[in-house]
Amino acid sequence: MTEDTLEIGVAGLGTYGLLRAEILTEFGHTVYGSDASPDARKEFERRVGTGVFERPAELFERDLDGVLVTTPNKFHEPVATAAMERGFDVFVEKPLAHTLESAERIAEIARETDCLCMVGFQNRFLNVCKVLKWYIDEGYLGEIRHVQAAYIRRRGVPGRGSWYTSSEIAGGGAVIDIGIHLIDLLDHFLDAPVIDDVAATTRQDFGHRESYAYLDMWGEDADANMFDVEDSASGFLTYEDGTTATLEVAWAANAESVHRYQLYGTEGGAVLDITDRLNGMAEVDQSLRFYGANTGGMDHYLDASVTVNSNDPYREQLRAFTTAITEDAPPSMNTTEQALAVQHIVDCIYAESE
């Protein structure tokens, strides 16, 4: 085994776990998997071809360099904490956990064990997000006073009757699944300001309908009666520094699909569009435009678009994780504490909506 070749365990072999495992093998690492489902284990053997186990405890008997936790949300805590207590560095798919309390326990174990614990908010690794963050940090927008953020799928409930639509297992619906990406990028662009107040409401308008019409679905549609989570939400955030933000989130809406951020700054504005046209699995469009007004020469408006190569953020964040393990240097992005701050706002939205 070469110096840069790692042995990585993947706990949870659903769609995301399999995709992550395939990326890691493409990087040249050796990947092992675990899942309670015999079908999932068989598919892992077919696509990856290395050792696979029924339980994470069996997986953890190997001398691993790191562990990916890609289980349903409810099981993030027991799997991630067990891995860290064995001394393994951990990558947890978002959200950090299904509840704030569970997320706090993961963060506590990460601090106690001093293990690297990274969380899968992949949008921070998109090229246009890197460019926008650079312009913000350079002061091009001045002081950002307000952000409008929306992640809306025309039809994109991730399989009714799956664990995604179970409050007990997922911890919520559209907010904790896709709305959490809005909150994460807000924290990223605004440098994690302290939240002062949250006003929010959640709705369940589409997911429970027997007549729910769709052309495609991420996951499999099973049972509309197994749907006790929200499929849309609206929120208004106020930060201690006076900055505000609006959130619009929907798994399903009679509206155009969109994933967009509009930033209002004192010196300039920006519109970031990273809309995925196929419900989360295809390469996203990456569009960024800047808006300003100046007095030089004569009063005028300035509009500018950014041209940047598209990239695969999932590959980049996994590369960041494996590099952090190899170099024994915790990454600066997607940390446990950043994910915990995001989870706190998710918890506030659910509490306020009740």
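Atom set for the values below is all heavy atoms of this structure, side chains included, hydrogens, waters and symmetry mates excluded.
Between Leu141 atom CG and Phe189 atom CZ the span is 10.5 Å, to the nearest 0.5 Å. In this structure, OG on Ser257 lies 9.5 Å from OH on Tyr151, to the nearest 0.5 angstrom. A distance of 7.5 Å separates CG of Asp184 from CD of Gln338, quoted to the nearest 0.5 Å.
Side-chain contact of Thr25 with Arg47: a donor-acceptor pair under 3.5 Å is absent, judged by distance alone.
Both tests do not hold together for Arg41 against Phe53: distance to the six-membered ring centre under 6.0 Å, angle to the ring axis within 45°. Annotation: cation-pi pair Arg155/Phe206 present, NZ/CZ under 6.0 Å from the ring centroid and within 45° of its normal. Judged by the 6.0 Å and 45° rule, Arg62 forms a cation-pi pair with Tyr32.
Inter-residue side-chain proximity for Trp251 and Val229 is flagged as met; some heavy-atom pair is nearer than 4.5 Å. Glu93 has its side chain out of reach of Leu68: every pair of non-hydrogen atoms, C-beta onward, lies at least 4.5 Å apart. A 4.5 Å side-chain heavy-atom check between Leu318 and Phe27 finds at least one atom pair inside the cut-off. The shortest distance between side-chain heavy atoms of Val31 and Val10 falls below 4.5 Å. Taking the side chain as every heavy atom from C-beta outward, Leu6 and Ile325 approach each other to under 4.5 Å.
Heavy atoms of other residues, nucleotides or ligands lying less than 6.0 angstrom from CG of Asp303 number more than 12. No more than 12 heavy atoms of other residues, nucleotides or ligands shown are found within 6.0 angstrom of CD on Glu168. Other residues, nucleotides and ligands place no more than 12 heavy atoms under 6.0 Å from the OH atom of Tyr135. Atom NZ of Lys42 has 12 or fewer neighbouring heavy atoms from other residues, nucleotides or ligands inside a 6.0 Å radius.
The aromatic rings of His259 and His181 sit tilted, their planes meeting at an angle between 30° and 60°.
Salt-bridge annotation for Lys94 and Asp177: present, with a side-chain N of the basic residue lying under 4.0 Å from a carboxylate O of the acidic one. For Glu108 and Arg111, the salt-bridge test fails: no basic side-chain N is under 4.0 Å from an acidic carboxylate O. Ion pairing between a basic and an acidic side chain is recognised when a charged N comes within 4.0 Å of a carboxylate O; Arg86 and Glu61 show such pairing. Looking at Lys130 and Glu316, a side-chain N of the basic residue comes within less than 4.0 Å of a carboxylate O on the acidic one, giving a salt bridge. No salt bridge links Asp216 with Arg154; every basic N to acidic carboxylate O contact stays at or beyond 4.0 Å.
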Intermediate values then yes/no, side-chain hydrogen bond (donor to acceptor under 3.5 Å, both in side chains), Asn127 and Gln286
CA-CA 8 Å; Asn127 285 343; Gln286 299 185 33; 5.0 Å; no
Where do Arg20 and Glu22 land on the salt bridge (Lys or Arg N to Asp or Glu O under 4.0 Å) test, with the steps shown first?
CA-CA 5 Å; Arg20 304 301 178 270; Glu22 288 179 324; over 6 Å; no
Go through it in stages, so that I can follow the logic: the residues are Thr244 and Phe236, the test is side-chain contact (heavy atoms from CB on, under 4.5 Å), and I'd like the CA-CA distance, side-chain angles, deciding distance and then a yes or no.
CA-CA 7 Å; Thr244 56; Phe236 189 85; 3.7 Å; yes
Go through it in stages, so that I can follow the logic: the residues are Glu77 and Ser102, the test is side-chain hydrogen bond (donor to acceptor under 3.5 Å, both in side chains), and I'd like the CA-CA distance, side-chain angles, deciding distance and then a yes or no.
CA-CA 6 Å; Glu77 180 200 340; Ser102 188; 2.7 Å; yes
Begin from the C-alpha positions of Asp241 and Thr243 and carry the test side-chain hydrogen bond (donor to acceptor under 3.5 Å, both in side chains) through to its verdict.
CA-CA 6 Å; Asp241 64 0; Thr243 305; 3.0 Å; yes
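Distance alone, capped at 3.5 Å, is enough to place a donor-acceptor pair between the Thr165 side chain and the Met226 backbone. A donor-acceptor pair under 3.5 Å is formed between the side chain of Asp228 and the backbone N or O of Ser167.
Taking the six-membered ring for Trp, Phe290 and Tyr140 have ring centres closer than 6.0 Å.
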